[in-house]
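Reviewing the structure listed below.
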Amino acid sequence: MKLQSPGKNTSNAEITQISVNGVWALVKGVEFFMSYEDFPWFQNATVAEIHNVRLLHGVHLRWPDLDVDLHMDSLKDLAQYPLVYAR
């Protein structure tokens, strides 16, 4: 039996766009931009790896294929997290 319509997105996190400058994620109705300069893990990742994102505990984004974990606070106010991520 095939479903007539897709199911509800229960993750509350999805990638809405991938561009030459970075990645946009929609999380609980709020869109965030992650530039490759600030988030270099995504620059050479495949589309499938980037799209495989999960929202855990309502505040934690996880990309298991890339071994990347981000707390939502770092996306909301990157200036408060001045750490330059290692490539």
Side-chain angles (χ1 to χ4, degrees):
M1 183 170 125
K2 185 175 179 180
L3 294 175
Q4 296 300 314
S5 61
K8 182 179 178 185
N9 181 356
T10 58
S11 166
N12 288 321
E14 67 178 294
I15 301 304
T16 57
Q17 185 175 353
I18 301 171
S19 77
V20 296
N21 298 309
V23 174
W24 282 262
L26 183 65
V27 184
K28 295 171 27 174
V30 179
E31 194 166 53
F32 297 95
F33 175 68
M34 297 172 286
S35 71
Y36 296 135
E37 182 177 326
D38 294 321
F39 301 92
W41 319 286
F42 302 116
Q43 189 164 16
N44 295 314
T46 67
V47 171
E49 289 170 334
I50 294 171
H51 277 278
N52 185 17
V53 60
R54 300 288 179 262
L55 180 64
L56 306 175
H57 312 291
V59 294
H60 176 124
L61 290 173
R62 170 88 177 129
W63 285 266
D65 298 334
L66 300 171
D67 194 25
V68 171
D69 296 273
L70 295 174
H71 196 280
M72 293 301 303
D73 288 345
S74 67
L75 296 178
K76 292 175 184 174
D77 190 3
L78 190 58
Q80 294 296 319
Y81 298 85
L83 175 67
V84 175
Y85 298 107
R87 289 183 192 257

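A quick note: this is a predicted structure, and the numbers were derived from the prediction, not measured.
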Tell me, please, which residues at least two apart from [X] pass side-chain hydrogen bond (donor to acceptor under 3.5 Å, both in side chains).
X: H51; answer: none
X: N44; answer: none
X: D65; answer: N52

Donor-acceptor contact present, side-chain H71 to main-chain D73, <3.5 Å: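 Yes, H71 side chain to D73 backbone: donor-acceptor pair under 3.5 Å.
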Any donor-acceptor pair under 3.5 Å from Q43 side chain to P40 backbone: no
Heavy-atom side-chain contact between L70 and M34 under 4.5 Å: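 SC-SC contact between L70 and M34 confirmed.
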Side-chain heavy atoms of L75 within contact of F39, under 4.5 Å: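 A side-chain contact exists here, since the closest heavy-atom pair is under 4.5 Å.
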Results of ring pair (Phe, Tyr, Trp, His ring centres under 6.0 Å) for F42 - residues two or more places apart only: W63
Linked, directly or transitively: V47 and F33 (ILVMFWY side chains, under 4.5 Å): no
Residue pairs, two or more places apart or on separate chains, that pass side chain to side chain donor-acceptor pair (under 3.5 Å) and touch residues 17-27: none
Counterpart residues, side chain to side chain contact (heavy atoms under 4.5 Å, CB included), relative to D77 (two or more places apart): A79, Q80
Of V27, L61, V23, the residue whose pairing with V53 passes side chain to side chain contact (heavy atoms under 4.5 Å, CB included): L61
